Amino acid sequence: MSSKSSGLLFYIVSRILLIIPMLLILLTLIFIILRVLPGDPVYFIVSPQAGEHIIEQTRHELGLDRPIWEQYVSYLMGVFRGDLGKSYITKDNVWSIIGRHLPITIELATCGLFVAAFLGISFGTFAAYKSKSWFGVFNTILSTIAYTMPVFWFGMILQILFAIQFRVLPATGILDTSLSITRITGLPALDALITGNMRAFVDHVARLILPSITLGFFISGNINRMTHSNVLKALNEDYVRAARARGIKERVILFKYALKNSLIPVITLLGMNFARMLSGSVLTETVFSIPGMGSLLVNSIFRRDYPLVQGIIVVYALLISIVTLIIDIIYAYIDPRIRL
Amino acid sequence: MSKNVIAVVVLIVIVGVVIGIYIYYTQPKPPAVISIGSVRVPTHLDPVKTTGADEFNLEFNIYDYLVEWEPETLNVVPGLATSWETSENGTVWTFYLRQGVKFHDGTSFNASAAKFNIDRYIEKGAFRSGLKYITNVIVVDDYTLKIYLSHPHPLLLRHLSIFIGMVSPTLIEVYGEDYIDTHPAGTGPYKVIEYVEDDRIVLEANKDYWDTPPKNSKIVLKKYADSASLKAAFEAGEIDIIWSARGDLFPTDVEDLRKKGYNIIESESNMIRYIVFNEAQYPFNDTRVRKAIAYAVNRTKIVNVVFSGQASELYTLVAKGIWGHLDTFPHRNLTEAISLLNDAGHNTAQKLEITLYYSSSYYGTAEEYVAQVIKEDLEETGLISVTLQNVEKATFREQYKAGQYGMWLLGWFPPIPDPNSYLYYFMNPIMANAIFSSHYNNTEADSLLSQALSTYNQTLRQELYEQLQQILAEDVPYIPLWQLKQFFITTDKISGIQVSPIAYFYFHTIEKK
Amino acid sequence: MKLLDIKNLRVYYFSEEGVVKAVDGVSLSLNKGETLGVVGESGCGKSTLGLSVLRLVPYPGKMVSGKIFYNGIDLLSLSDEEVRKLRGKEIAMIFQNPDVSLNPIMNIKEHLVEAILTHEEIDEREAVEKTEEILGKVGIPKNRINDYPHQFSGGMKQRIMIALALLLNPKLIIADEPTSSLDVLIQAKTLELLRNLKEEYGLSLILITHDFGVVFEESDRIAVMYAGHIIEIAKNTELYDKPLHPYTQALIKAVPTVTPEEQKLNYILGMPPSLLTPPKGCRFYARCKYAREICKFKEPKTATVGREHIVKCHLY
């Protein structure tokens, strides 16, 4: 037992150490790509009406007139001091900008993940169990629709239906404009609860419903198909037949034998999707006007806001590393054959 | 046992939901808020950095200026200066300042605070090059300020009323320059209480405002990712006002909302759209070709087909609603266009091949249709063949400034409501090159511009600007096409919106039932 | 009294290529305490026959006709739930490949405790005690109770499977090729264990195998299956001494008790017929050295020759 946990610790530490060189490579790449991309950030800061000398002045203030290697070195030094610099546009600290957008994305991604996992796994499992009935056919159609359908279109349909037609759910944003939430942890839902601001909590949660369904339904397509085929395969395994021969109940066989054994690839897929959602879901964020990481990244790329783009990439890399690490730990928990 | 656990969990959830709903409905409702939706919000709020209309607009609501102007008439009125006088030769201005005014952070406003802000702007302001005529600012006493000019300058009051918002000097001393980008403190009718970039800015009414306090207590400026989500939010009742200042909503969306019975206030905006030529490039070095194109474009078609009538045809660079506006460009005349092209040596056998560059990621999807209409119009002469080239936002400006295009579509929305703002940058050779790379150079025009900028004589200025607009129509370095309209779309609850021809929006008069 | 009585059972697989008649009119009975060997080549339907008793014939297989009486109860008339309650408790089954017969993500204790708690209303502690006891009997040490299947060898896994089968004191065990995936040494040990435990628990056993050697070693009575039919049933010694069916005769000659050279000579030429389109007459016709005209067109009836010796051949 102790050897197992020390092995796990070693594994986690080595994985974390591996993040550092990965981050370096990633930063170098993104640094180069951004500067190779056509488009000068100064033109997004200074309006066309301002004169040429303003442009030069601004370029100097941002340090963009220095040689690229010098910019690179000073940026890296900053990063290793934990300083990601300031946005070219808002002049705000990159950490605090990300700090405002990331929690919202984390909430949305988590809710989306739950919707996707619930829809995908339950439908996929049930369809595998009843693969010879009409439900199997229905589910195949459903899952195909889910992952081929344009996200923004589905989001807009939900919006028109539930927010404009029936007015049962809010259409956009993360909070009613008349409300505000005191910032403690940064996660709006949690902060509203901590401060006992039930009105804001209810409003905020209601606003997460449609985007989560949009995002979750889209991702459920793949989860559904993978769960379906894996459970179907597992149900034909010898150990399922052996369990049946022992009189084990069908419900237990379906979940403990077939589903649980199918979960590893499904969890991989969920984890990958979660990591993807953490990097922001631009389309969903656009339809529902949610100030998350996706729109932040897209906007900052469009404006050539180098420090912000670089900062976001650093945070993504860290998040994805953490998520994959967690997935690996979950594997070991589910499947005793996997030793970390 | 597991059944018991489930039962307990269900019970807790039910009790939690009931308590939650109870608290939700018994907690006091927050004060009424007016929310204004748009597809953009300001990116920073420091007056010295401001060059964009969104920033200017918000700054008018949080800062005060020495002089201000009435939104509807654009007439200059007292602001933080209650009165002012000019010396005989017009180079020394004395301003008598309002007493008892405090910044949002508690600092008192006085002459040294005013000097601090003017000096700061002259040192690092975005438009400081246009303020070089200010030579000195002197604090006479706590509430008297003298401004010395190198020569009489008709735009001084405009510059003071738009560029130089009064920021608390203490704030800058204590927190530094970058802090006020997101945490400004002025003396204006509103304080910024929350700022989330790319999402919202929350303004709270300044209860101690020296002038009539705002008729509302809280304003939320909400940014939407695109036209569709802006419209959806409005229809779902989440925002009270859509402010579409420069074509933020699709024309069809505006029509749809009109049909659904929402209130729509419509007026000219200050944004003009036009074609720019690079006179250094063949065939646009030939005035006859540029003129022929000016005769061939069909503004009526652009306005009606692309914008469903939600724009105005424009026959000069000075926007409608700005004094001095005079139509000088010709209306469509294909015969004239053809004969000019023939003169220039182009015929059906050897068609003139040109490329029109535009950026739909910069100006919106309608841009593609505009480009298509222009292509059809020009090709109707039978002598021109047009290639369309859509360029990504990030590279568009860089490339036209590098002189890579010969003909492209551009827009202009100057902050200052004066014909100079529409003509100087286009016709002064240095500016025209620096901003547009149009290589337009007319010395006569340049001297007329300088003349108009060094007199307080309004009649003379008007004559000069009319003359300049005639020259533009002769030289055709640019072709004005259309002027955008601005829309305020509101629910029945909203009243008191003040419309300004220069597309600025003062929030303090809005009321919500 | 007979513990199990199978009457004229037909199990067909309705596959896309056609109907595979895997078990085609089989009658068979088993006495209490008896070990019945069912022997035949692979694909002859013997595994399907075994699965039929537990009603575990997989899709698209179907029991078309016939009856199976267990202790006088008609198994085919029971509901799914009633059959499930019999499985493991009354009739247990041991499968061919122990490597894939255990759930890889459950440890051994979980397997056994789950099986006990499914059928008996005792608390978990008692179930664990019972688990330890039975594992002791099959020679799995106590301290390995929390280990997972992949941590055991094939032989150990099969002993765990045996423990799982014996766990609830069933009256009948169907062992389908219980040792064929194990190497010879382990095979013998496992069979010995099974034999001893059968004695100890007073079980009845159906031993399904392709291995005549094993069958002669272990069984009281032997049924020979060929292409969906049972072609001969007799007591162990009787069958060994006096095989009647030409197929049985050939098989007995092929038993690897002799040297490999000899074995080759006795090898039966040809392949068993396809069960999709079985021949009209005797199914062994094509390979039979005594084949006559009638064998081609008429299916032979079962004839009882001597005491409890049944054969399905036109010769008798």
Side-chain angles (χ1 to χ4, degrees), chain A residues 1-5 7 121 125 127-133 135-136 227 230-268 328-340, chain C residues 47 50-51 53-60 80-108 110-112 114-120 146-151 157 160-161 163-165 167-168 170 173-176 181:
Chain A
M1 205 61 206
S2 71
S3 75
K4 187 185 167 183
S5 62
I121 294 177
T125 307
Y129 189 57
K130 295 273 176 198
S131 62
K132 295 294 171 296
S133 74
F135 187 82
T227 310
N230 280 313
V231 170
L232 208 56
K233 210 176 97 209
L235 280 172
N236 284 318
E237 293 283 354
D238 284 0
Y239 55 79
V240 167
R241 189 181 61 185
R244 286 209 173 107
R246 287 196 295 277
I248 307 298
K249 291 182 180 120
E250 277 304 304
R251 191 170 50 85
V252 178
I253 285 177
L254 185 60
F255 291 107
K256 215 162 152 186
Y257 286 74
L259 179 59
K260 216 176 158 193
N261 270 295
S262 317
L263 274 184
I264 293 254
V266 173
I267 283 173
T268 313
D328 284 355
I329 294 169
I330 294 177
Y331 284 174
Y333 175 77
I334 291 183
D335 193 335
R337 285 168 296 183
I338 297 172
R339 283 281 167 268
L340 296 180
Chain C
S47 286
L51 290 171
V53 177
L54 281 173
R55 279 182 39 190
L56 279 174
V57 179
Y59 181 88
D80 285 350
E81 182 61 13
E82 285 166 325
V83 174
R84 186 189 65 72
K85 282 179 178 161
L86 285 180
R87 289 180 193 151
K89 178 82 180 145
E90 293 284 329
I91 309 168
M93 195 154 178
I94 300 167
F95 292 95
Q96 177 169 7
N97 193 346
D99 286 325
V100 291
S101 291
L102 289 161
N103 186 350
I105 56 173
M106 279 165 72
N107 67 26
I108 301 315
E110 285 171 316
H111 273 94
L112 284 112
E114 178 194 71
I116 297 169
L117 295 181
T118 303
H119 294 284
E120 288 176 5
N146 284 317
D147 285 357
Y148 286 88
H150 70 279
Q151 290 162 303
K157 273 185 242 182
I160 293 163
M161 292 310 291
L164 268 167
L167 190 59
L168 298 155
I173 286 184
I174 300 165
D176 185 359
S181 70

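The sequence lines fix the lettering, A, B, ..., with proteins before strands; numbering per chain opens at 1. Computed from heavy atoms alone, side chains included, the values below leave out hydrogens, waters and symmetry copies. Note that the coordinates shown come from a computational prediction; the quantities given were computed from them, not determined experimentally.
A donor-acceptor pair under 3.5 Å is absent between the side-chain atoms of C:H111 and the main chain of C:L102, judged by distance alone. C:R87 places a side-chain N or O within donor-acceptor distance of the main-chain N or O of C:R55, the cut-off being under 3.5 Å.
Residue with the most contacts toward chain A among C:L117, C:L168, C:L167, C:L164: C:L164 (heavy-atom pairs, distance under 4.5 Å). The candidate with the highest count of non-hydrogen atom pairs below 4.5 Å against chain A, out of C:M93, C:H119, C:K85, is C:H119. Comparing A:E250, A:K249, A:R246 by heavy-atom pairs within less than 4.5 Å of chain C, the highest count is held by A:R246. Listed options C:N103, C:T118, C:V100 were ranked by heavy-atom pairs under 4.5 angstrom with chain A; first place goes to C:N103. Of the listed residues C:E114, C:K89, C:E81, the one with more heavy-atom pairs under 4.5 angstrom with chain A than any other is C:E114.
Of the two parts of A:K132, only the side chain, counted from C-beta on, holds a non-hydrogen atom closer than 4.5 Å to a non-hydrogen atom of chain C. Interface remark: C:I94 contributes no atoms to any contact with chain A (heavy atom separation under 4.5 Å). Only the side chain of C:L56 comes within less than 4.5 Å of a heavy atom in chain A; its backbone stays farther off. Using a 4.5 Å cut-off between heavy atoms, A:V240 does not touch chain C at all.
Using modelled atom types and a 3.5 Å distance limit, the side chains of C:S47 and C:D176 yield a donor-acceptor pair. Remark: the C:N107 side chain and the C:D147 side chain contain no N/O donor-acceptor pair separated by less than 3.5 Å.
A:K260 is linked by a salt bridge (charged side-chain N to carboxylate O under 4.0 Å, His left out) to nothing, counting only residues two or more places apart in sequence or in another chain. Applying the ring-ring contact (aromatic ring centres under 6.0 Å, His included) criterion to A:F255, with sequence neighbours excluded, gives no partner residue.
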* Asked: Under the side-chain contact (heavy atoms from CB on, under 4.5 Å) criterion, do C:N97 and A:Y239 qualify, and how do the steps go?
  -> CA-CA 10 Å; C:N97 193 346; A:Y239 55 79; over 6 Å; no
